[in-house]
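Written below as structure tokens is the structure these notes are about.
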Amino acid sequence: MQEINKNERIQYLDILRGFALCGILFVNMPSFLGDRPNAMMGDVDQAIRLVFDLFIQTKFYTLFSVLFGAGFYLFIQRLQQKGLPKTIFARRLGILLVIGLLHLCIWQGDILHTYALTGFILLLFIKTKPITKLLFAAAFQIYALLLYLLIFFGARQLGDTPVVELDKTLQSFVASRDLPGFLSHHATVQLPEALMNSGVIWPEILSLFLIGAYLMERFSAAPPTNRFLWWTLGISLLLTLPSFAGIIQAHADVPDGSINLFYVWLSGRTLAITYACAVALLVRAGRMQWFAGLGRMALTNYLMHTVVFTVFVFFSGQHGTTPLWQGLLLVFLLLIAQGVASNRYLQSHPQGPMEKLWRKGTYGKKNR
């Protein structure tokens, strides 16, 4: 067995988090620019949307959620080693919730509040055995599968229709550069809707948290061999192929309908595994170190995505009309800038600005 030491395992998590953060920005970019029906897109943007659905959409929030669960396990372990109360993690979640709610007042796609609220439920699993975590994770994944199957068969039975609509209210605020109205709309309309959505998706998110905690506990003592990673990569990729076929067919019929939504979600379960294994193999080969800085400053970089794109949208005065290919250019520029800045910043600082604030709020004045 080719084992890796503790520091290398933590480095893998940082790199995978940085890699996932890049995918998250690609996923969020169309929302930042203003979601619009596929029929409003040009040919190039429709091709981009297909590539996103095949390789990006749902894959990276899956990775990020599993990483949150892994981080939960490591955090609780550190608290136990230092003899600190586990309520510190609850305080950490409370701070994350506040950050997420404030973030929701700028952009409706925030995931931090969902993580925080679901994290409080995760606390119930601190003392459970690994097999218990895995069984509950499987049960919650089945819940999510049944929910998506209900949507899928409903669309098959009643007819598939687009589920994406242009938000003309936000478009109006951006066109008139009415920032107070923009923020007020998010706080009074988008925020309550996001909280209601969290009430629906939390079991799926919790299942991914539990999977992450299980894997961290399972492989901390005995990391997977390269052979195991290659086999898992290959099998998960093969299992993704039927979903790929479904996505391609859906894009030929109703590209932004419920049937496509189902296949995109399903592909996220398997392709995320492929990506995680590929990154692990590359890290063991000494590659992808550049992503570690992005991962160590994930919270700072994630929030900065919203700031940069909100400024861009208001500067352009366009919401729901900027082509996706133009958004892609900004994504690449932003990620390159963040990667360089993060790695340089961490040469003289132990953590990013928001990470420092989060840590200080978690532990108080005492240095832990």
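Residues: numbered from 1 along the sequence shown. None of these values were measured; they are calculated from a predicted model.
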Interatomic distance, CG@Leu84 vs CG@Leu79, rounded to 0.5 Å, equals 5.5 Å

Quiz item: For Arg156, does the CZ atom sit with more than 12 other heavy atoms under 6.0 Å from it, leaving out its own atoms?
Solution: no

Could you check whether Tyr148 and Ser258, counting side-chain N and O atoms only, form a donor-acceptor pair closer than 3.5 Å?
no

- Message: Applying side-chain contact (heavy atoms from CB on, under 4.5 Å) to Ile205 and Tyr61, what does each step give before you reach the verdict?
- Response: CA-CA 9 Å; Ile205 299 299; Tyr61 88 80; 4.2 Å; yes

Phe72 ring center within less than 6.0 Å of Phe209 ring center: no

Nearest heavy-atom contact between Gly327 and Phe309 is O-CZ, 4.2 Å

Quiz item: Backbone N or O of Gln318 within a donor-acceptor pair of the Thr321 side chain at under 3.5 Å?
Solution: no

Q. Is Pro255 close to Gln46 at the side-chain level, that is, under 4.5 Å between some pair of heavy atoms?
A. no

Same cluster or not: Val51 versus Leu266, using hydrophobic residues (I, L, V, M, F, W, Y) connected whenever any side-chain heavy atoms lie under 4.5 Å apart?
yes

Practice prompt. Give the C-alpha distance, both sets of side-chain angles, the deciding distance and a yes or no for side-chain hydrogen bond (donor to acceptor under 3.5 Å, both in side chains) between Ser236 and Thr270.
Written response: CA-CA 5 Å; Ser236 60; Thr270 52; over 6 Å; no

Query - Within one Ile-Leu-Val-Met-Phe-Trp-Tyr cluster: Leu333 and Leu25, side-chain cutoff 4.5 Å - result: no

- Would Leu21 end up clustered with Phe332 when hydrophobic side chains under 4.5 Å apart are linked, directly or stepwise? yes

Heavy atoms from other residues, nucleotides or ligands near CZ of Arg287 exceed 12 (cutoff 6.0 Å): no

Q.
Taking the side chain as everything from C-beta on, heavy atoms only, tell me whether Trp202 gets closer than 4.5 Å to Leu117.
A. no

Which of parallel (below 30°), tilted (30 to 60°) and perpendicular (above 60°) describes Phe32 and Trp107?
tilted

In the single-linkage hydrophobic clustering (I, L, V, M, F, W, Y; side-chain heavy atoms under 4.5 Å), do Leu74 and Ile76 co-cluster?
yes

Between Gly352 and Thr300, the two heavy atoms sitting closest are C-OG1, 4.0 Å

Heavy atoms of Ala280 and Leu229 approach each other most closely as CB-CD1, 3.8 Å

List, one per line, each side-chain donor-acceptor pair under 3.5 Å for residues 161-170, sequence neighbours excluded.
residue, atom, partner, partner atom, Å
Asp167, OD1, Thr169, N, 3.1
Asp167, OD1, Leu170, N, 3.1
Asp167, OD2, Gln190, NE2, 3.2

| query | When you measure from the side chain of Asp110 to the backbone N and O of His113, does any donor-acceptor pair fall under 3.5 Å? | reply | yes

Treating Tyr115 as the side-chain partner and Phe68 as the backbone partner, does any N or O pair qualify as donor plus acceptor under 3.5 Å? no

| task | Evaluate the side-chain contact (heavy atoms from CB on, under 4.5 Å) criterion for residues Leu208 and Gln141: first the C-alpha distance (whole Å), next the side-chain angles of each, then the deciding distance (0.1 Å), finally the verdict. | result | CA-CA 8 Å; Leu208 297 173; Gln141 275 295 309; 3.8 Å; yes

Side-chain (Asp14) to main-chain (Gly293) donor-acceptor, under 3.5 angstrom
no

Taken to the nearest 0.5 Å, the spacing of Thr87 OG1 from Arg92 CZ works out to 14.0 Å

Is the side chain of Trp358 donor-acceptor paired with the backbone N or O of Ile95 at a distance under 3.5 Å, no angle test? no

Using a 4.5 Å cut-off on heavy atoms from C-beta on, say whether the side chain of Leu145 contacts that of Trp265. yes

Using side-chain heavy atoms (C-beta onward) and a distance below 4.5 Å, is Leu206 in contact with Phe125? yes

Exercise. Is any NZ, NE, NH1 or NH2 atom of the basic residue among Asp53 and Arg49 found under 4.0 Å from an Asp or Glu carboxylate oxygen of the other?
Worked result: yes

Q. Side chain of Thr310, backbone of Thr306: donor and acceptor closer than 3.5 Å?
A. yes

For Ala276 and Leu16, the nearest pair of non-hydrogen atoms, with its separation, is CA-CD1, 4.2 Å

Take Arg296 and Ser342 through the test side-chain contact (heavy atoms from CB on, under 4.5 Å) and record every step on the way to the result. CA-CA 8 Å; Arg296 288 175 60 190; Ser342 295; over 6 Å; no

Review point. Can you check whether His319's main-chain N or O pairs, donor with acceptor, with Gln171's side chain at less than 3.5 Å?
Key: yes

Step-by-step side-chain contact (heavy atoms from CB on, under 4.5 Å) determination, Leu112 to Leu303: CA-CA 10 Å; Leu112 301 179; Leu303 295 173; 4.0 Å; yes

Do Pro30 and Arg36 have side chains that get closer than 4.5 Å, going by heavy atoms? no

Residue pairs meeting ring-ring contact (aromatic ring centres under 6.0 Å, His included), one or both in residues 232-261, sequence neighbours left out, come to Phe55-Phe244

Heavy-atom nearest pair, Leu54 first then Leu271, reads O-CD2, 3.6 Å

Taken to the nearest 0.5 Å, the spacing of Ile15 CD1 from Leu282 CG works out to 9.5 Å

- Hey, are the side chains of Thr362 and Phe75 touching, using non-hydrogen atoms and a 4.5 Å cut-off? yes

Original post:
Within the distance-only criterion (no hydrogens, no angle test), does the side chain of Asn260 pair as donor or acceptor with the backbone N or O of Ala250 below 3.5 angstrom?
Top reply: no

On a heavy-atom basis, the closest approach of Leu294 and Cys22 is CD1-SG, 3.7 Å

By salt bridge (charged side-chain N to carboxylate O under 4.0 Å, His left out), Lys133 pairs with (sequence neighbours left out) Glu217

_For Phe182 together with His186, are the ring centres under 6.0 Å from each other?_
yes

Regarding Arg269 and Glu204, does a basic nitrogen lie under 4.0 Å from an acidic carboxylate oxygen? yes

Using ring centroids (six-membered ring only for Trp), state whether Phe26 and Phe60 fall under 6.0 Å.
no

message: Tell me whether Asn301 contacts the main-chain N or O of Met297 through its side chain, where contact means a donor paired with an acceptor under 3.5 Å.
response: yes

Check your understanding: Is it true that a side-chain atom of Asn343 and a backbone atom of Gly339 form a donor plus acceptor pair closer than 3.5 Å?
Key -> yes

Scan side-chain atoms only and decide if Gln249 and Asp253 contain a donor-acceptor pair under the 3.5 Å cut-off.
yes

Q) Hey, what's the ring geometry for Phe136 with Phe140, parallel, tilted or perpendicular (30° and 60° as the breaks)? A) tilted

Single-linkage hydrophobic cluster Trp231~Val279, side-chain heavy atoms < 4.5 angstrom:
no

One should read off an interatomic distance between Ile24 CD1 and Lys59 NZ, to the nearest 0.5 angstrom, of 12.0 Å

For Gln11 and Gln289, does a side-chain donor sit closer than 3.5 Å to a side-chain acceptor? yes

Side chains of Ser243 and Ser267: donor-acceptor distance under 3.5 Å anywhere? no

Is the closest side-chain heavy-atom distance between Phe228 and Cys277 below 4.5 Å?
no

What about the rings of His103 and Tyr302, do their centers lie closer together than 6.0 Å? yes

Under a 4.5 Å cut-off applied to non-hydrogen side-chain atoms, are Val200 and Leu147 in contact? yes

